[in-house]
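Throughout, protein chains are lettered first and strands after them, A, B, ... in sequence-line order, and every chain is numbered starting at 1.
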Number of protein chains: 2
Amino acid sequence: MALSFFDYVERINSLLRSWQRDDAELSVVPAVQLSALRYLSICNHYSDTVMGVTDYLGLTKGTVSQSLKALEERQWIYKEPDLQDKRIVHLKPTAAGLAVVQQLVAVQVLQQAVQQLGPELEQQLTGALHQLLSQVQQQQQRKSFGQCKSCRFHQQQDGLPFCGLTQQPLPVASTELICREHQDAA
Amino acid sequence: MALSFFDYVERINSLLRSWQRDDAELSVVPAVQLSALRYLSICNHYSDTVMGVTDYLGLTKGTVSQSLKALEERQWIYKEPDLQDKRIVHLKPTAAGLAVVQQLVAVQVLQQAVQQLGPELEQQLTGALHQLLSQVQQQQQRKSFGQCKSCRFHQQQDGLPFCGLTQQPLPVASTELICREHQDAA
DNA sequence: TCACAACGTATCGAATCGATACTTAATTTA
DNA sequence: TAAATTAAGTATCGATTCGATACGTTGTGA
């Protein structure tokens, strides 16, 4: 009997916590804030809202609103009102915020470890994880938060990416970001 | 560009949180307490102490002591003084505690999803995770919390398992449990 | 014998998180 | 068009967690 997948996830979680605690500067920052900041750095313009973060992190919007307020006070994100819908506020990382994300110890260590596995094992690992998450999220009726380009609504129009759900053209750079409206192509 | 390993871990974490929140009974139980309980159900008799949980979870011993106190009040664990060293207290799950662990939604859902991957992909996934964690933990000088039977101190004496570190015989059933003193055989 | 380290507990304060209520804006219904 | 309903976001309050600090006990080594 080997350890279960759940056990590995738990262990990785503990390591993530340890790394953050060991970081002199970031140890005072709640982990949820860093998770939210990371999310905002990889999500598209349909998903960079309070509700987007709420759905992604699995918390309540009141809690998330406070965490985002703290991120704004650190000047790691700034708010931008939506032009169409006046209820919506877009949350964008500042340059300082992006710098924090890129210097996260956890990301760097894991990235390096994954690379040491070699391309073949890396492919197997992320491939299996992708499939696993797809199954789970579909089965649980959860939002999948997949990459825009892998969405069933993703189309081409005049050679440019286009969203069939919102009926809007998409910035080319956004097609690799994750979206809260994402649905698997299958 | 696909999503990074870190992104998958973050997503899984969010799902774990969501599942726990959706569980009517367990939603009031702090996640750390469940993690500690789970750990105590899969660790050996060298590791079922406050310091063992502390190292595993990456928290401070004061915090962990409080969480364990709460677990004891729920009657999910009980304490047993060490016979040799009077400073040490062993923490063991009660029958009720083990029942909670086995009914964790997260474990069940992930287990089921992994099985749907098929034996080959499952092997690839856990194999890659194992290797990844070994590398990271060795590189970071962290305790690996591996299974007893995969430890460099694991020996056989008169056909029975024996720990070369503590110089004590081991219960056969313990060789698949995880140990805080574990060091990879390589 | 004495100093020091290790395991565990207790206390206190800061701060997170969820629940609830509220405001504003958009959408649906009559 | 007006009213009702839904949705996005914020504010407040209280419970609870977590880290820091200090303390007591036991083991170890000089």
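- Both Leu71(A) and Val29(A) are assigned to one and the same hydrophobic cluster, defined by single-linkage of ILVMFWY side chains at heavy-atom distances under 4.5 Å.
- Take the nearest nucleotide of DNA chain D for Arg180(A) and for Lys69(A): the residue whose nucleotide is more 5' is Arg180(A).
- Looking at Trp19(B) and Gln140(A), their side chains do bring a donor and an acceptor atom within 3.5 Å of each other.
- Taken residue by residue, residues 14-41 of chain B places heavy atoms nearer than 4.0 Å to DNA chain D at Pro30(B), Val32(B), Gln33(B).
- Less than 4.0 Å separates DNA chain C from at least one heavy atom of each of the following residues of residues 81-93 of chain A: Gln84(A), Asp85(A), Lys86(A), Arg87(A).
- Counting atom types as modelled, Thr63(B) pairs a side-chain N or O with a base atom of dG19(D) as donor and acceptor under 3.5 Å.
- The heavy-atom pair separating His45(B) from Pro171(B) by the smallest distance is CE1-CD, 4.0 Å.
- Along DNA chain D, the nucleotide nearest to Lys61(B) and the one nearest to Gly52(A) differ in position, and the one closer to the 5' end is contacted by Gly52(A).
- Taking atom OH on Tyr46(A) and atom P on dA7(D), their separation rounds to 20 Å, with Å as the unit.
- Taking the charged nitrogens against the carboxylate oxygens, Asp7(A) and Arg38(B) do have a contact shorter than 4.0 Å, which makes a salt bridge.
- Considering every non-hydrogen atom in both Thr175(B) and Pro161(B), the closest pair reads CG2-CB, 3.7 Å.
- One finds a side-chain N or O of Lys79(A) lying less than 4.0 angstrom from the OP1 or OP2 phosphate oxygen of dT10(D).
- Residues Gln183(B) and Phe153(B) meet the side-chain proximity criterion, which asks for heavy atoms closer than 4.5 Å.
- Ser4(A) and Gln111(B) share no donor-acceptor pair across their side chains, judged by distance under 3.5 Å alone.
- Residue Ser65(A) places no side-chain atom within donor-acceptor reach of the base of dG9(D), judged by atom type and a 3.5 Å distance cut-off alone.
- Annotation for Gln167(A): atom CD counts as buried by contact number, over 12 foreign heavy atoms lying within 6.0 Å.
- Between Gln66(A) atom CD and dC13(D) atom C1' the separation is 11 Å, expressed in whole Å.
- Rounded to an integer number of Å, the gap from CG of Leu71(B) to P of dT9(C) is 12 Å.
- For the pair Met51(B) CE and dG27(D) C1', the computed distance is 15 Å after rounding to whole Å.
- Of all heavy-atom pairs between Arg152(B) and Ala185(B), the closest is CB-CA, 3.8 Å.
- A straight line from OH of Tyr56(B) to P of dC7(C) spans 19 Å, rounded to a whole angstrom.
- Distances shown here put every side-chain N or O of Thr60(B) at or beyond 4.0 Å from the OP1 or OP2 atom of dC18(D).
- Rounded to an integer number of Å, the gap from CG of Leu59(B) to P of dT16(D) is 19 Å.
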